Chemist: 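Dumping the structure here so I can ask a few things about it.
Values in this document were obtained by computation on a predicted structure and should not be read as measured data. The residues of the chain are indexed from 1 along the displayed sequence.
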Amino acid sequence: MTTMKKYMLFLLSGFLTTSCLDTEVLPDSITIGEDMWKSKEDVSAMVNGAYQAMVANDVIERCVVWGTFRGDEVNHLTTTLSGVQKENDLRDIKAGQMTQTNMYADWASFYSVINKCNLVLEKAPGVVNSDPAYTQGSLNTDLSQMLALRSLCYFYLVRAFRDVPVTDGAYTESTQEREIPQQAPLTVLNKCVEDLEKAMKTPLSPIGYTDWRRVGYINRDGIAAILADVYLWRASMTHNAADYQKCVEYCDVVLNSKKEIYSEMLTMGGQTRRWPNLIYNGAQVYSAVFAEGNSAESIFELQMNGQANKNTGLRNCYWNYDDKSRSTGLMNASLKFGTLGSDGYFLSNLDFRYYESCVNVTKTDLPEFEIFKTASNKPITGINDVTTNVASSRSLDQNGYVERNWIVYRLSDVMLMKAEALVQLAPEDGAEVDPEDPTATNLRAAFTLVNEVNKRSLAKTSFAKADTIDFQANNNKAAMEELVLAERLRELCFEGKRYFDLLRYNYRHTEGVQPDRILADISEDPKAMLTNYKPMMDLMTRGMSEGSAAAAAKMPTEPYLYFPVLESELKANTKLKQNPAYKADDIYVKN
């Protein structure tokens, strides 16, 4: 069997997936191990197959729905598409009326990626003995990538569902036992940390490739970015200062790496630029990062080319669903993006991002804004360092969506993660501070990072002071935490980050979190159910255009912050327990 045929067999095995671990089956007479894993090319095909599974429409749509739609930056359409299940299920999410049949509670696409990673981790070591061309060094970097990609999938799952099944074993036959219980989030996060730390020992070099693989494969910087994010999440749940410090350290791995690789780009006219970490100036960011893709500021992005790999998931969400003759997708941006100042997301009309994120933000008679960011393959025109006179509207190109990579991590994201962790490591407000204590300067360091991201986005003709934020106005822990949260929204809107940012904020302000227990077990003691922090609820329900009062009434308990376990999963795997927010009277019996 040729390598290409083996590769196609592997990809087809992913298409057989109709549920997660319980119903992903292969024919009894076929095991991948019998036909594969003979040569270096076989392993490469399998590694690429894992990445290929990650660009599936179902994965991208869930990155958007789980990380963006559940927050306050987008709404479902004001118009109704009759009979469209996706829109109906999105409306239920926004109304706080989600059920255990909601299609966005389907986690199968992520478990498909995990199974492919497990196959490589299990089978690739044997190829070293059968093919001299497949060296130990090649094996190590392949295993590093698969450990990191698997950890990333589990990290998405734990943030969306909280309690999820975990397996190290690959499924290759339909006769294998697939019933496994959920694990509590702390168990899953600990496993992610363990695997990522292992992956960090033999990673791909950030300068190992000069083409798309430079950021299309998870290299050392990508692993460090995921580790920083996982540590930040775990710290927020457990209130552990050591984890915040680890987040800072891994952010520095990325920042120092970028400075070393792009040192020549970080100077202008022989003088240090006013943004020492970032590479592009504000007028270049949109074109370089989004329109062109795989930019110098990128760390890891899922690769699309608009042909073999179309970003249909992104198009469905932000442009037009299912190729219908419509001018918009399943969701649009909040009108807050068109309001400046304290009532809006942006502080000034000098901010490039104000114009680059949504279409027609200067109009005042629209029910919603179409999302422009991550869409067009054309650079922004009419706004530069000289003027902010922009056209009131811009055309959207459908090809812009299907050709766009999905950026998982980029440089400014890492900078703001570091700022968030530094704030939490700063002394408490009102505490007596020893000037010799290193944490005494953490608020200033956090502000410097936030201001760098903010200031580089301001349209100005010179390097004159152009700050729209002020340190003295935010010179306390509570205010600086809010400032970081707001800047992450301005910089990373529509990139699948906002809802997870809100959840971290929420956990930091909540006592009684029990990340070592699953929700179904905690709910047996009603007094143990977590009551959430009101400001976070205000932020979440602000984006709920329907049923916000009812949603706010029941969402202050932790289970409602997460998706239900899909009904079909409960029937297929009797060891799963339903999130108590969605528990039905039905007793599920496996067929």
Side-chain angles (χ1 to χ4, degrees), residues 61-81 84-107 156-164 185 317 330-336 367-368 489 494 496-507 509-510 513 518-520 522-523 526 528-567 569-570 577-586:
E61 283 192 25
R62 278 152 187 76
C63 287
V64 174
V65 173
W66 295 354
T68 290
F69 186 76
R70 288 209 73 187
D72 61 340
E73 56 189 330
V74 299
N75 298 315
H76 59 74
L77 296 180
T78 55
T79 56
T80 300
L81 300 176
V84 175
Q85 182 186 354
K86 288 186 177 182
E87 186 189 359
N88 293 335
D89 285 353
L90 289 174
R91 286 180 179 273
D92 287 345
I93 292 172
K94 280 295 188 186
Q97 297 174 353
M98 191 166 21
T99 69
Q100 53 199 355
T101 60
N102 191 292
M103 66 182 303
Y104 293 105
D106 188 346
W107 57 29
Y156 270 109
L157 289 166
V158 80
R159 288 178 294 175
F161 295 91
R162 191 185 187 274
D163 312 323
V164 296
C317 291
L330 290 165
M331 56 191 75
N332 272 343
S334 163
L335 290 179
K336 292 284 185 178
E368 56 203 1
L489 173 63
F494 317 131
K497 306 286 181 177
R498 176 63 169 175
Y499 185 67
F500 302 145
D501 290 351
L502 292 175
L503 282 180
R504 288 197 309 274
Y505 179 93
N506 174 65
Y507 277 123
H509 291 273
T510 307
V513 180
I518 66 171
L519 288 173
I522 298 173
S523 66
M529 293 305 289
L530 174 66
T531 298
N532 289 288
Y533 193 59
K534 185 179 182 300
M536 188 267 192
M537 288 295 102
D538 291 342
L539 287 170
M540 284 187 54
T541 55
R542 183 169 69 184
M544 291 183 170
S545 54
E546 293 183 17
S548 63
K554 58 185 176 181
M555 287 190 73
T557 55
E558 188 180 18
Y560 283 94
L561 301 176
Y562 294 95
F563 278 90
V565 179
L566 204 64
E567 182 178 73
E569 298 288 357
L570 292 169
K577 295 182 179 180
Q578 181 60 277
N579 178 332
Y582 310 99
K583 192 171 184 179
D585 293 333
D586 302 22

Chemist: Mind listing the closest non-hydrogen atom pair of Met98 and Ile93 along with its distance?
Modeler: SD-CG1, 3.8 Å
Chemist: For the pair Leu570 and Gln100, evaluate side chain to side chain contact (heavy atoms under 4.5 Å, CB included) and give the outcome as yes or no after the intermediate values.
Modeler: CA-CA 10 Å; Leu570 292 169; Gln100 53 199 355; 4.0 Å; yes
Chemist: Rounded to the nearest 0.5 Å, what's the gap from NZ on Lys86 to CG on Leu330? Could you check?
Modeler: 6.5 Å
Chemist: Kindly compute the distance separating CG (Leu489) from OG (Ser334), expressed to the nearest 0.5 Å.
Modeler: 9.0 Å
Chemist: Quick one: pull up CD in Glu569 and CD in Gln578 and give me the separation to the nearest 0.5 Å.
Modeler: 11.0 Å
Chemist: Minimum heavy-atom separation for Pro564 to Phe161, with atom names?
Modeler: O-CE2, 3.3 Å
Chemist: Any donor and acceptor pair, going by atom type alone, linking the side chain of Asn579 with main-chain N or O of Pro559 inside 3.5 Å?
Modeler: yes
Chemist: Got a donor-acceptor contact below 3.5 angstrom from the Lys94 side chain to the Phe69 backbone?
Modeler: yes
Chemist: Using side chain to side chain contact (heavy atoms under 4.5 Å, CB included), reason through Trp107 and Leu566 one step at a time and then give a plain yes or no.
Modeler: CA-CA 8 Å; Trp107 57 29; Leu566 204 64; over 6 Å; no
Chemist: Do you know which two heavy atoms are closest between Leu561 and Asn506, and how far apart they sit?
Modeler: CD1-ND2, 3.6 Å
Chemist: Test side chain to side chain contact (heavy atoms under 4.5 Å, CB included) on Tyr499 and Thr68; report intermediate values, then the result.
Modeler: CA-CA 6 Å; Tyr499 185 67; Thr68 290; over 6 Å; no
Chemist: Determine, for Phe500 and Arg498, whether the Lys NZ or Arg CZ falls below 6.0 Å from the six-membered ring centre while staying within 45 degrees of the axis.
Modeler: no
Chemist: Would you say that Arg62 contacts Tyr156 through its side chain, given a criterion of any heavy-atom pair below 4.5 Å between the two side chains?
Modeler: no
Chemist: For residues Val74 and Met331, report the shortest heavy-atom separation together with the two atoms involved.
Modeler: CG2-SD, 4.1 Å
Chemist: Considering the options Ile518, Leu157, Val158, Val164, which one meets the side-chain contact (heavy atoms from CB on, under 4.5 Å) requirement together with Pro185?
Modeler: Val158
Chemist: Taking all heavy atoms of Leu502 and all of Gly71, pick out the closest pair and write down the distance.
Modeler: CD1-CA, 4.2 Å
Chemist: Considering residues at least two apart in sequence or located in another chain, which fulfil the side chain to side chain contact (heavy atoms under 4.5 Å, CB included) criterion with Thr101?
Modeler: Thr99, Glu567
Chemist: Quick one: pull up CG in Asp163 and CG in Leu519 and give me the separation to the nearest 0.5 Å.
Modeler: 4.5 Å
Chemist: Mind checking side chain to side chain contact (heavy atoms under 4.5 Å, CB included) for Asp92 and listing every partner two or more places apart, or none if nothing turns up?
Modeler: Asp89, Gln97, Asn102
Chemist: Show your working on salt bridge (charged side-chain N to carboxylate O under 4.0 Å, His left out) between Glu73 and Lys336 and close with a plain yes or no.
Modeler: CA-CA 8 Å; Glu73 56 189 330; Lys336 292 284 185 178; over 6 Å; no
Chemist: Among all residues two or more places apart in sequence or in another chain, which pass the side chain to side chain contact (heavy atoms under 4.5 Å, CB included) test with Ala160?
Modeler: Trp66, Phe563
Chemist: Apply side chain to side chain contact (heavy atoms under 4.5 Å, CB included) to Tyr582 and Val565, showing your working.
Modeler: CA-CA 8 Å; Tyr582 310 99; Val565 179; over 6 Å; no
